[in-house]
Amino acid sequence: MDTIFEQAVKGDYAIDIPKNFDINQIFDCGQCFRFNRSESCDNTYNGIAFSKKLTITQKDGKVIFHNTSKEEFEKVWHTFFDLDTNYADVIGSFSDDRVLAEASAFSSGIRILRQDSWEALCSFIISQNNNIPRIKGIIEHMSEKYGKPIESESGIDGYSFPTPKALCDAGESGLFALKTGFRAKYIYDAASKVESGEINLSEIDKMKLEDALPALEAIKGVGPKVAACTLLFGFAKHDAFPIDVWVKRILSSYYSDGASHHFSEKNAGIAQQYLFYYERCKNNIFI
DNA sequence: GGGCAGGTCTAAG
DNA sequence: CTTAGACCTGCC
């Protein structure tokens with residue numbers, strides 16, 4: 001029932017592979033939790049973003065957006081895959097740093113997805129002190145229970161990520177029932193503050209990084225790392241620089257001066273993602 | 001089976 | 001301002 005053709009067929013939309021585009025790196029580098037490698041088709045991922053189901057294949061010089069119109073590609077996926085950013089230029093700007101240059105070369109197919117800001121906020125709250133399989137499981141169950149079904153001729157393709165209101169209505173107990181553990185009260189606080197307008201995500205979108213970080217950190221359970229991830233992956237603020245255990249390890253082992261002047265620049269977040277992916281692959285952590 | 005996972009909160013110095 | 005412990009749960 002889940003069979004799809006790897007080649008473009010009627011109803012699909014195909015483009016030439018953009019520079020610096022590798023779906024395996026894009027979806028396995030840990031930035032996004034709702035896309036999964038297809039078990040039946042090579043170089044194919046299935047996922048949901050912005051209340052739409054996408055099956056995507058990268059093959060024979062093409063990227064195929066299955067069952068997708070040109071209009072939907074231009075309206076949703078062009079932006080989602082950040083196709084207007086020139087990653088070769090970004091990588092070029094890292095060439096003076098030996099470690100970063102090596103990590104960039106290794107990870108050159110990564111693009112920072114422009115995900116929905118609310119979904120990114122929730123997802124990275126859930127990610128704290130947690131592992132990827134469980135994070136994905138919680139998000140899927142949360143969507144099934146509190147999201148809306150995404151319908152097609154073949155039935156229900158999946159569920160959209162729940163709105164802030166839906167998670168408010170679920171209540172802390174409803175969220176705890178999803179096995180979110182101590183994060184339930186954090187997710188509830190985020191949902192309440194966004195739903196009430198105390199936190200305004202479109203205002204945060206307009207803010208400079210230095211203002212946006214503390215604005216998000218007003219939410220319980222949102223610290224510097226979750227705030228930076230939210231801004232990098234949910235607001236496309238490429239200067240946000242999340243420091244997790246892996247990046248911390250790189251910083252302490254290769255930048256013994258402690259200072260990380262390279263990482264306060266405008267594309268520090270992209271640098272972070274290259275370093276993160278590079279370090280995890282070197283340590284055989286397959287996401 | 002037990003440690004650990006893309007952290008953050010809280011309570012103390 | 002810096003630093004231990006605790007924390008839900010279920011992978012590895």
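Every chain is numbered from 1, with letters handed out A, B, ... down the list of sequences. Bear in mind that the values here come from a model prediction, so they are computed numbers and not experimental data.
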Per A/S127 side chain, nearest of listed nucleotides B/dG7, B/dG6, C/dC12: B/dG6
Closest nucleotide among B/dT8, B/dG6, C/dC7 to the A/F182 side chain: C/dC7
Value in whole Å for how far the P atom of B/dG6 lies from CG of A/L275: 17 Å
B/dC4 base / A/N129 side chain donor-acceptor hit below 3.5 Å: no
Below 4.0 Å: OP1/OP2 of B/dG6 and any side-chain N or O of A/R280: yes
Expected output: side-chain A/R111 to main-chain A/I26 donor-acceptor under 3.5 Å: no
Rounded interatomic separation in angstrom, taking CD1 from A/I125 and P from B/dT8: 10 Å
Whole angstrom value for the distance that separates P of C/dG10 from CG of A/N130: 10 Å
Nucleotides 9-13 of chain B: which of its N/O atoms have a protein N/O under 3.5 Å away?
| residue | atom | partner | partner atom | Å |
| --- | --- | --- | --- | --- |
| B/dC9 | OP1 | A/G221 | N | 3.1 |
| B/dT10 | OP1 | A/K220 | NZ | 3.2 |

Pair A/F124 + A/F33: ring centers closer than 6.0 Å: yes
Whole-Å distance separating the CG atom of A/N131 from the P atom of B/dG6: 6 Å
Side chain to side chain, A/Y159 and A/I150, heavy atoms closer than 4.5 Å: no
Nucleotide B/dG6, atom P - distance to CZ of A/F27 in whole Å: 20 Å
Nearest-Å distance once atom P is located in both B/dT8 and C/dG10: 22 Å
Under 3.5 Å donor-acceptor pair, A/R134 side-chain atoms to C/dC8 base atoms: yes
Pairing nucleotide - B/dA5, Watson-Crick or G-U, each distance under 3.5 Å: C/dT9
Side-chain ion pair, A/D239 and A/K208, N-O less than 4.0 Å: no
Short side-chain donor-acceptor distance under 3.5 Å, A/N43 and A/R37: no
For atom CD1 of A/I135 and atom P of B/dG6, their distance in whole Å: 7 Å
Between C/dC7 (C1') and A/I138 (CD1): distance, integer Å: 14 Å
Sugar-phosphate only, base, or nothing, as touched by A/K225 at under 4.0 Å among non-hydrogen atoms: base
Any side-chain heavy-atom pair of A/L231 and A/L216 under 4.5 Å: yes
Whether A/R183 side chain and A/N129 backbone form a donor-acceptor pair below 3.5 Å: yes
Student check: side-chain heavy atoms of A/F276 and A/C29 closer than 4.5 Å: no
Interatomic distance where CZ belongs to A/F241 and C1' belongs to B/dG7 [whole Å]: 16 Å
Spacing of the C1' atoms in B/dC4 and C/dG5 (rounded, Å): 16 Å
Touch class at under 4.0 angstrom, heavy-atom based, for A/E279 against every strand present: nothing
Side chain of A/K179 - closest among B/dT8, C/dT9, B/dG6: C/dT9
Donor-acceptor pair (no angle test) under 3.5 Å: A/R183 side chain, C/dC7 base: no
Inter-nucleotide P distance (B/dG6, C/dA4), Å rounded: 22 Å
Whether A/W246 stacks on the six-membered ring of B/dG6 base, 5.5 Å and 30° limits: no
